[in-house]
Amino acid sequence: MKHPTAPRPGLLRRLLQRPSARLSLFLLACVFLSAVFLPLTLKYQSQLTSSSAFLAPNTEHLFGTDLNGRDVLARTLQGARISLLVGCAGALVSLCIGTSVGLLAGYAGGRLDALLMRLVDVLYAVPRLILIILLEFLLDPWLQKSLASLQDGRWVGYSKIAILIVALGCIEWLTMARIIRGQVLSLKTLPFIDAAQALGQSHFKILTRHLLPNLAGVIVVYLTLTVPAVMLDESFLSFLGLGVQAPQASWGTLLSDGAQALNPVRSHWWLLVFPATAMSLTLIALNFLGDALRDALAE
Amino acid sequence: MLIFLARRLSAMFGVLFCVITLTFLLLRAAPGGPFTRERKMPAAIELQLLAKYHLDGSLWQQYSEYISDLLHGDLRLSTKYRDRSVRELLAQSLPVSALLGGSAFILATLGGVLLGCLAAVRHRTTADALSTLLSLALISVPTFVTGPLLVLLFALYLGWFPVGGWHSLSSLILPAVTLAGPACATIARITRTSLLETLQAPYLRTARAKGVSASRVLFVHALKTALLPVVSYLGPLAAQLLTGSIVVESIFNLPGTGSFFVNAILNRDVFLLGGVVIVYCALLVLMNLAVDFAYTLLDPRIQLEA
């Protein structure tokens with residue numbers, strides 16, 4: 001049986017030897033940098049309305065304008081900011097929960113393990129959408145209140161985004177927990193854990209100093225794969241109108257606007273095609289990177 | 001065999017019970033009730049309504065009454081679509097979702113296995129790279145992007161299929177393709193990995209050495225073993241596809257079950273949500289059971305263990 005090990009040195013070099021990884025990293029860097037810096041240089045702000053609605057792409061508005069005469073390029077970049085933020089932060093939340101549950105279940109074993117894994121089974125059986133929406137409702141009043149008390153309520157507008165991050169993070173950890181638990185079960189049988197226990201090290205030390213470093217590879221791979229999963233969930237909720245609220249916009253909201261603007265009489269294709277391309281490229285790049293990372297680790 | 005079935009079915013009721021409890025309690029704990037409107041209704045009327053739908057009394061009372069009704073086979077009335085029973089609503093919408101999901105399931109399985117075989121047989125060639133790229137792209141791009149794009153191209157621009165609605169067989173094609181896309185890609189990826197591993201096995205070399213034709217080695221000898229991981233993915237996939245997808249049903253304007261999952265929560269329609277969750281969970285467990293039986297058919301070495 002193959003036991004998980006700490007990543008060998010030179011992981012980055014091995015990763016960069018793969019053309020698909022180089023291309024993905026380049027694409028992601030482009031998306032990230034343009035989402036952060038490009039809006040500062042644009043003539044039109046993402047929330048600036050004008051009387052020129054539904055302009056097709058031209059030199060003034062590269063991606064055209066929408067129903068309210070807003071510049072679609074600026075909106076797409078604004079959407080990128082929010083989608084990337086929710087994706088990365090949500091993946092981090094799920095990483096914390098999934099790793100802790102997996103470590104605990106695998107290391108403690110016995111009843112606690114059985115209990116936690118049955119919980120994971122039941123949560124798998126409930127349709128994910130239902131859990132996310134219910135969590136949103138339950139968290140909403142509490143987060144609104146705590147954000148309102150923070151710095152004179154400057155952050156209240158962001159409460160929906162915060163809720164999305166927490167709720168999606170609380171749902172996406174199931175696979176991570178299962179995988180980490182499996183790895184811990186196999187690591188636990190190795191002599192070095194026995195040695196650490198015989199030396200009288202505390203459980204906490206064994207978990208953080210001996211088990212966690214050996215799991216780093218698996219964790220990094222699943223983190224890279226969780227980011228697109230959370231982004232997909234976020235855009236899905238926003239598409240249904242349950243995610244980011246107007247006037248803020250994520251890629252999901254833009255796509256839902258775009259899908260509604262399709263009709264047999266006149267289709268405003270630019271509303272759909274540009275956000276769809278941006279989002280698809282980002283998600284494909286993230287998934288490719290995760291795959292390449294897994295292969296590089298296995299080498 | 002019988003003991004195996006009995007144990008699995010009792011486990012199914014355990015899972016069903018947990019899931020129903022969880023959804024019931026969570027939905028009742030969520031702020032707002034099924035009769036909360038923007039204009040507040042008089043307290044007396046709201047109490048009457050709550051009593052009519054058995055939503056008065058303590059939470060424990062509501063819950064135990066609901067469970068006992070369920071055990072008697074009564075799914076109760078929907079609180080949103082007044083005077084229509086959950087059973088009736090499901091009976092109307094499930095056939096639509098099941099037909100759509102069933103065709104998507106067949107499309108995804110056939111397409112995915114073929115694509116995966118192609119990639120594995122032509123390992124490290126352009127065909128392999130292209131099919132890997134295609135499947136990763138299909139996994140990454142959500143159905144609410146592919147759906148509208150397909151509508152834009154095939155319904156609005158080329159005019160081959162209707163834009164939406166539920167009229168004829170041709171209105172089934174675009175939604176089924178949209179729904180099948182990501183599943184097809186996942187199946188292709190699993191098939192490719194598993195087949196690559198299987199093709200190394202000595203028994204296949206023996207078969208080739210004995211002069212069995214290449215296509216027979218691939219499709220009969222190798223694929224039978226390689227399909228095991230695919231089959232275990234197909235179980236949950238079938239449950240998911242057959243109970244409908246809100247995105248595809250809303251894009252193509254189909255009267256299926258998918259929208260109930262979301263709308264029942266938004267309307268705090270506890271019993272409708274309970275109904276769709278029961279259908280979904282029962283399907284999930286039954287499909288997993290079917291997966292176990294398929295295992296023993298594909299690989300006689302595998303025994304059913306309770």
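The structure presented is a predicted model; accordingly, all values stated were derived computationally and were not measured. Per chain, numbering begins at 1; letters A, B, ... match sequence-line order.
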Engaged part of A:Leu123 at the chain B interface, taking heavy atoms whose separation is under 4.5 Å: side chain
Turns out that what part of A:Met231 lies under 4.5 Å from chain B's heavy atoms comes down to neither
Residue among B:Thr143, B:Val145, B:Val277 with most heavy-atom pairs under 4.5 Å to chain A: B:Val145
Does A:Arg22, at its CZ atom, have more than 12 non-hydrogen atoms belonging to other residues, nucleotides or ligands within less than 6.0 Å? yes
Can you tell me which portion of B:Leu26 sits under 4.5 Å from chain A's heavy atoms? Options are side chain, backbone, both or neither. both
Non-hydrogen side-chain atoms of B:Pro182 and B:Ile139 separated by less than 4.5 Å: no
Can you establish whether the number of heavy atoms outside A:Phe32 located under 6.0 Å from its atom CZ is more than 12? no
If the plane angle is over 60° it's perpendicular, under 30° parallel, otherwise tilted; pick one for B:Tyr66 and B:Phe24. parallel
Which atoms of A:Leu286 come close to chain B, meaning under 4.5 Å heavy atom to heavy atom: side chain ones, backbone ones, both, or neither? neither
How are the rings of A:Phe236 and B:Phe144 set to each other: parallel, tilted or perpendicular (split at 30° and 60°)? parallel
Non-hydrogen atoms of chain B under 4.5 Å away: do they reach the side chain of A:Asp291, the backbone, both or neither? side chain
For the candidates A:Gly258, A:Ala229, A:Ser235, A:Ser256, which exhibits the highest count of non-hydrogen atom pairs separated by less than 4.5 Å from chain B? A:Ser235
Scored by heavy-atom pairs under 4.5 Å with chain A, the best of B:Val15, B:Leu27, B:Ile265 is B:Ile265
Proximity breakdown for B:Tyr280 and chain A, heavy-atom pairs closer than 4.5 Å: side chain
Hey, are the side chains of A:Thr175 and A:Arg178 touching, using non-hydrogen atoms and a 4.5 Å cut-off? no
Chain B heavy atoms under 4.5 Å from A:Leu281: which part of the residue, side chain, backbone, both or neither? neither
Does the side chain of B:Leu242 reach to within under 4.5 Å of the side chain of B:Leu100, using non-hydrogen atoms? no
If you draw a 6.0 Å radius around CD in B:Glu197, do more than 12 non-hydrogen atoms from other residues or ligands fall strictly inside? no
Given that the side chain runs from C-beta out, which part of A:Leu272 has a heavy atom under 4.5 Å from chain B: side chain, backbone, both or neither? side chain
Under a 4.5 Å heavy-atom cutoff, which of A:Asp121, A:Ile133, A:Leu131 has the most pairs with chain B? A:Ile133
What part of B:Leu22 is in contact with chain A, defined as an atom under 4.5 angstrom from a non-hydrogen atom: side chain, backbone, both or neither? side chain
Could you check whether any side-chain N or O of B:Glu249 sits under 3.5 Å from a backbone N or O of B:Gly258, counting only pairs where one atom can act as donor and the other as acceptor? yes
Can you say whether B:Leu16 sits under 4.5 Å from chain A via the side chain, the backbone, both, or neither, judging by heavy atoms? neither
Please rank A:Leu255, A:Ile130, A:Leu232 by heavy-atom pairs under 4.5 Å with chain B and give me the top one. A:Ile130
Contacting region of A:Ser20 [heavy-atom separation from chain B under 4.5 Å]: neither
Answer yes or no for B:Arg28 and B:Tyr63: cation-pi contact, defined as NZ/CZ to six-membered ring centre under 6.0 Å and angle to ring axis within 45°. no
